[in-house]
Colleague: 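Handing you a structure now.
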Amino acid sequence: MTENNPQVQTRQQIHAAVASVLAAQPIVDMHTHVYPPTFGTPVANAAGAPDPTGLMLWGIDEMLTYHYLVAEVFRVVPATKLPHEQFWKMSKSAQADHIWKHLFVERSPVSEACRGVLTCLSKLGMSPADRSLASWRAWTAKQRPSDYIDKVMQLSNVSRITMTNPVFDDNERARWLRDPQVANDPRFSAVLRIDPILRDFPNASAKLASWGYQASPELSQRTIDETKRFLADWIDRQKAIYLAVSLPPDWRYPIAETGDPAARAGQVMLEKVVLPLCQERNLPFAMMIGSRLKVNPNLGDAGDMVGLSDVQSLTNLLRAFPGNRFFVTMLARENQHELAVAARKFGNLMVFGCWWFVNNPSLINEITRMRMELLGTSFIPQHSDARVLDQLIYKWDHTRTILAEVLTDKYADIAAAGWNVTPEEMQRDVRHLLAGNFEAHLKG
Ligand code: FIX
Ligand code: ZN
């Protein structure tokens, strides 16, 4: 018997309550590659002429040509049969036709990325059973991009979309410089993404110099001051809510004085520019660790790979910078347990997401259970990493389903020990997981 509920809840009762609370909780998606229409869209639509270099990707052809599916189709039709350069010369719709034919029609679409397309179509009201790209394309062309964002946010119950804004991307940077209001859309938040500063400072410093900042590959105080001024200018321009970087699996901290010069430069930038600026501006720093880029350059964005990273380097950094707040996710399944244990040691670390190659049901389930058993509700179970707007629908639908199973089991476990969680307490927990932990770690 417990004072708040005399009857031990059945698992079925718990699951029903948990699923309802999860469905009702608006999500703040902390990492996506999604953009508002003000960044242009290459997709034919009812609101205006497409912009071939536009950054807002949505609709059936963009869903089908998602880089996850490009990687998968080259397994079925290898480059020996369809050379990469020939594929890249195909139109977007021809690429989509090719992927649809080989991954959906001629083989069952059972991969997570294939299944995601089906979930999106179904939730958007287009029956996958029709198997008709033509009708889906016609429907897409009748949509207005901004209204479509509202539709997708309503279907996925995402209340806020956090962008990724790579300042070294020429297309994106030009759009910010042309129109400082380009991201002035209340549904979106900006994030200053700075990979070259930490991964390739010699070349990054040359870019800064060409943009009027007196930086050079030499790690002088002037270079440090000018790089900081550059980042501060872009934090202000973007109204960035955090800074972010993706790091290779061989990122180490600290690096010996005699270490690789480019890695040393990255370390100096981290220690003397990025983390001090984040602390001054009360901004967290997000580190996504484990991406080995372009292992197969012929595949474009699909050519990146996972590698085993070093969590001890992360704990060295957390210990050295107790005044900074960090969001961290790691790409290798094998790093997840050590990362969760690291979060038990450092309150300035907020573990987040099942990133990229671990964003699959079997691994989301495993990782989320492990994190909850080690961290309670003090972590962020997921981010979508959506590159195509529609993907918010499937990435969150699939995660909610798994989260419902995990939470139901955990609540059932404590109910068996006499602790029944009320629906109000479930709602509180789910709000922490899907919005509150992110918002609290942003503010500090
Ligand atoms: O570095 C990142 O933000 C990665 O998420 C992307 O580069 C990656 O291509 C991706 O979209 C994974 O889901
Ligand atoms: Zn990403």
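When a ligand or atom number is given, it counts from 1 through the structure's own listing order. Throughout, numbering of the chain's residues begins at 1 and tracks the sequence.
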Colleague: Tell me, which protein residue and heavy-atom name are nearest atom 4 (C) of ligand 1, and how many Å apart are they?
Modeller: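 Of every protein heavy atom, Trp355 NE1, 3.6 Å lies nearest to atom 4 (C) of ligand 1.
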Colleague: May I ask you to say whether Asp390 pairs ionically with Lys123, meaning some side-chain N is under 4.0 Å from a carboxylate O?
Modeller: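 Lys123 and Asp390: not salt-bridged.
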Colleague: For the pair His441 and Phe327, name the ring-plane relationship: parallel under 30°, tilted 30 to 60°, perpendicular over 60°.
Modeller: perpendicular
Colleague: For ligand 1, which atoms have a heavy atom of Arg387 less than 4.0 angstrom away?
Modeller: 6 (C), 7 (O), 8 (C), 9 (O), 10 (C), 11 (O)
Colleague: Between Asp409 and Arg369, is there a side-chain N and carboxylate O pair less than 4.0 Å apart?
Modeller: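 Yes.
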Colleague: So is there a nitrogen or oxygen of Asp301 less than 3.5 Å from a nitrogen or oxygen in ligand 1?
Modeller: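 No; the residue has no nitrogen or oxygen that sits under 3.5 Å from a nitrogen or oxygen of the ligand.
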Colleague: Nearest heavy atom to atom 13 (O) of ligand 1: which of Tyr68, Phe357, Trp356 does it belong to?
Modeller: Tyr68
Colleague: Looking at the Zn ion (ligand 2), is one of the N, O or S atoms of His31 less than 2.8 Å from it?
Modeller: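 Given the 2.8 Å cut-off, His31 counts as a ligand of the Zn ion (ligand 2).
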Colleague: When rounded to the nearest 0.5 angstrom, what distance separates CG in Leu124 from CH2 in Trp139?
Modeller: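 Reported to 0.5 Å precision, the distance equals 4.5 Å.
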Colleague: Using a 6.0 Å cut-off, check whether atom CZ of Arg187 has over 12 heavy atoms from anything other than its own residue.
Modeller: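 Enclosed: over 12 neighbouring heavy atoms sit under 6.0 Å from CZ of Arg187.
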Colleague: What atoms of ligand 1 come closer than 4.0 angstrom to any heavy atom of His67?
Modeller: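 Result: 8 (C), 9 (O), 10 (C), 11 (O).
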Colleague: Rounded to 10 degrees, what angle sits at the Zn ion (ligand 2) between Asp385 OD1 and His33 NE2?
Modeller: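 Result: 90°, to 10°.
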Colleague: Taking only heavy atoms of His31, which atoms of ligand 1 are found under 4.0 Å from at least one of them?
Modeller: 3 (O), 5 (O)
Colleague: For the pair Lys207 and Asp170, find out whether any cationic side-chain nitrogen is under 4.0 Å from an anionic carboxylate oxygen.
Modeller: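 No.
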Colleague: With a cut-off of 4.0 Å, which atoms of ligand 1 are near a heavy atom of Arg193?
Modeller: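 Near Arg193, meaning under 4.0 Å from one of its heavy atoms, ligand 1 has 1 (O), 2 (C), 3 (O).
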Colleague: Please check if atom CZ in Arg237 has more than 12 non-hydrogen atoms from other residues, nucleotides or ligands closer than 6.0 Å.
Modeller: yes
